[in-house]
Amino acid sequence: MADPHLNLYMNNPTAGGTDGTVISTEDSFTAPLNFILDGAQTETQIAKLAIRAESGYKTYGNTVIQDYNDTKDRWKLSLQSDTGWADSITFTDTITNSNLIFYAQAKSFIEEVAQNDKSVKIFAQAIVVEDS
């Protein structure tokens, strides 16, 4: 995410709250969204995430969150924890300084080679304005 006024959060953020750990940006990997999956079996993990703007800012119009560089189609996003998995999701609500929840899902497949794959990114596209 390139806009410093809009961030993604992990570690079980609360809907409407201001908690969670900000996910690192710009390939710093200081706090990446991380899934540890067993390549000896087909496995799926889901993480509850949030998006929110810094205090004093909000989004204008739709906000699209999507994955980038998922060449094996193993990452999906959803606005609910159990349905609607897709490569991108769209928030039509204005994003303010309180958490809006969404979910990320990662999969592994049988006989996948063990790796530390840092190639997949999740980013948001939005217009961020001052909240006057």
Side-chain angles (χ1 to χ4, degrees):
M1 295 197 16
D3 191 303
H5 303 299
L6 190 65
N7 289 297
L8 302 179
Y9 295 84
M10 61 183 175
N11 293 335
N12 201 28
T14 306
T18 57
D19 58 341
T21 303
V22 68
I23 297 173
S24 56
T25 61
E26 308 300 327
D27 292 336
S28 68
F29 301 108
T30 55
L33 176 59
N34 190 31
F35 291 97
I36 299 174
L37 302 169
D38 186 349
Q41 61 182 334
T42 298
E43 188 175 26
T44 301
Q45 287 184 6
I46 297 171
K48 180 181 178 186
L49 306 174
I51 185 169
R52 75 172 182 261
E54 296 291 328
S55 184
Y57 296 89
K58 66 181 180 181
T59 59
Y60 176 80
N62 292 345
T63 299
V64 177
I65 300 176
Q66 60 190 33
D67 63 36
Y68 171 76
N69 209 30
D70 181 16
T71 59
K72 297 185 180 175
D73 203 30
R74 295 188 177 153
W75 286 74
K76 297 293 180 188
L77 303 167
S78 179
L79 296 172
Q80 290 126 13
S81 63
D82 56 353
T83 62
W85 297 105
D87 294 325
S88 68
I89 55 175
T90 301
F91 284 97
T92 57
D93 298 333
T94 298
I95 296 170
T96 62
N97 64 344
S98 61
N99 291 337
L100 283 178
I101 302 297
F102 69 100
Y103 300 86
Q105 177 188 77
K107 290 183 182 180
S108 67
F109 295 98
I110 294 174
E111 298 178 11
E112 187 172 348
V113 176
Q115 60 183 314
N116 185 4
D117 184 357
K118 295 181 179 180
S119 64
V120 178
K121 314 289 186 232
I122 295 178
F123 66 96
Q125 293 177 295
I127 298 172
V128 179
V129 297
E130 287 188 25
D131 188 10
S132 52

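Being a predicted model, the structure only gives us computed values, none of them experimental.
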Open item on the list: Show the nearest heavy-atom pair for residues I51 and F102, with the distance to one decimal.
Closed with: N-CE2, 4.0 Å
Task: Separation of Q45 CD from D38 CG (nearest 0.5 Å) - done: 10.0 Å
- [ ] Look at the side chain of S108 and the backbone N and O of Q41, then say whether any donor-acceptor pair between them is shorter than 3.5 Å.
- [x] yes
Task: Minimum heavy-atom distance M10-A31, with the two atoms named - done: CE-O, 3.4 Å
Open item on the list: Heavy-atom count check: over 12 atoms from other residues, nucleotides or ligands less than 6.0 Å from K107 NZ?
Closed with: no
- [ ] Please report the closest heavy-atom contact between P13 and G20, naming both atoms and the distance.
- [x] CB-CA, 4.3 Å
- [ ] Please report the shortest heavy-atom distance between W75 and D70, naming the atom on each side.
- [x] N-OD2, 2.8 Å
- [ ] Kindly confirm or rule out a cation-pi arrangement of R74 over F109, judged by NZ or CZ under 6.0 Å from the six-membered ring centre and within 45° of its axis?
- [x] no
- [ ] Treat each ILVMFWY residue as a node, draw an edge where side-chain heavy atoms are under 4.5 Å apart, and state whether I89 and W85 are in one component.
- [x] no
TODO: Please examine the side chains of Y9 and T18, heavy atoms only from C-beta on, and report whether any two atoms are closer than 4.5 Å.
DONE: no
Cut-off 3.5 Å, no hydrogens considered: what does the side-chain donor-acceptor table look like for residues 54-62, sequence neighbours left out?
{"residue": "E54", "atom": "OE2", "partner": "N7", "partner atom": "ND2", "Å": "2.8"}
{"residue": "T59", "atom": "OG1", "partner": "I95", "partner atom": "N", "Å": "2.8"}

Open item on the list: Can you tell me how far apart NZ (K121) and CD1 (I23) are? Round to the nearest 0.5 Å.
Closed with: 12.5 Å
Open item on the list: Does L8 form a side chain to side chain contact (heavy atoms under 4.5 Å, CB included) with L49? I'd like the steps, not just the answer.
Closed with: CA-CA 7 Å; L8 302 179; L49 306 174; 6.0 Å; no
Open item on the list: Would a single hydrophobic cluster contain both L37 and L33, if residues Ile, Leu, Val, Met, Phe, Trp and Tyr are joined by side-chain heavy-atom contacts under 4.5 Å?
Closed with: yes
Open item on the list: Using the rule that Ile, Leu, Val, Met, Phe, Trp and Tyr join whenever any side-chain heavy atoms are under 4.5 Å apart, tell me whether V22 and V128 fall into a single cluster.
Closed with: no
TODO: Following the transitive rule for hydrophobic clusters with a side-chain heavy-atom cut-off under 4.5 Å over Ile, Leu, Val, Met, Phe, Trp and Tyr, establish whether L6 and L79 coincide in one cluster.
DONE: yes
TODO: Write down the atom of T63, the atom of A124, and the distance for their closest heavy-atom approach.
DONE: CG2-CB, 4.3 Å
- [ ] Run the salt-bridge test on D87 and K76 with the 4.0 Å N-O cut-off and return the result as yes or no.
- [x] yes
Task: Nearest non-hydrogen partners of F35 and A47, listed with the distance - done: CZ-CB, 3.7 Å
Task: Residue pair N99, R52: steps toward the side-chain hydrogen bond (donor to acceptor under 3.5 Å, both in side chains) verdict - done: CA-CA 5 Å; N99 291 337; R52 75 172 182 261; 2.6 Å; yes
Open item on the list: According to a hydrophobic-cluster definition based on side-chain heavy atoms being under 4.5 Å apart (Ile, Leu, Val, Met, Phe, Trp, Tyr only), do Y103 and L77 belong together?
Closed with: no
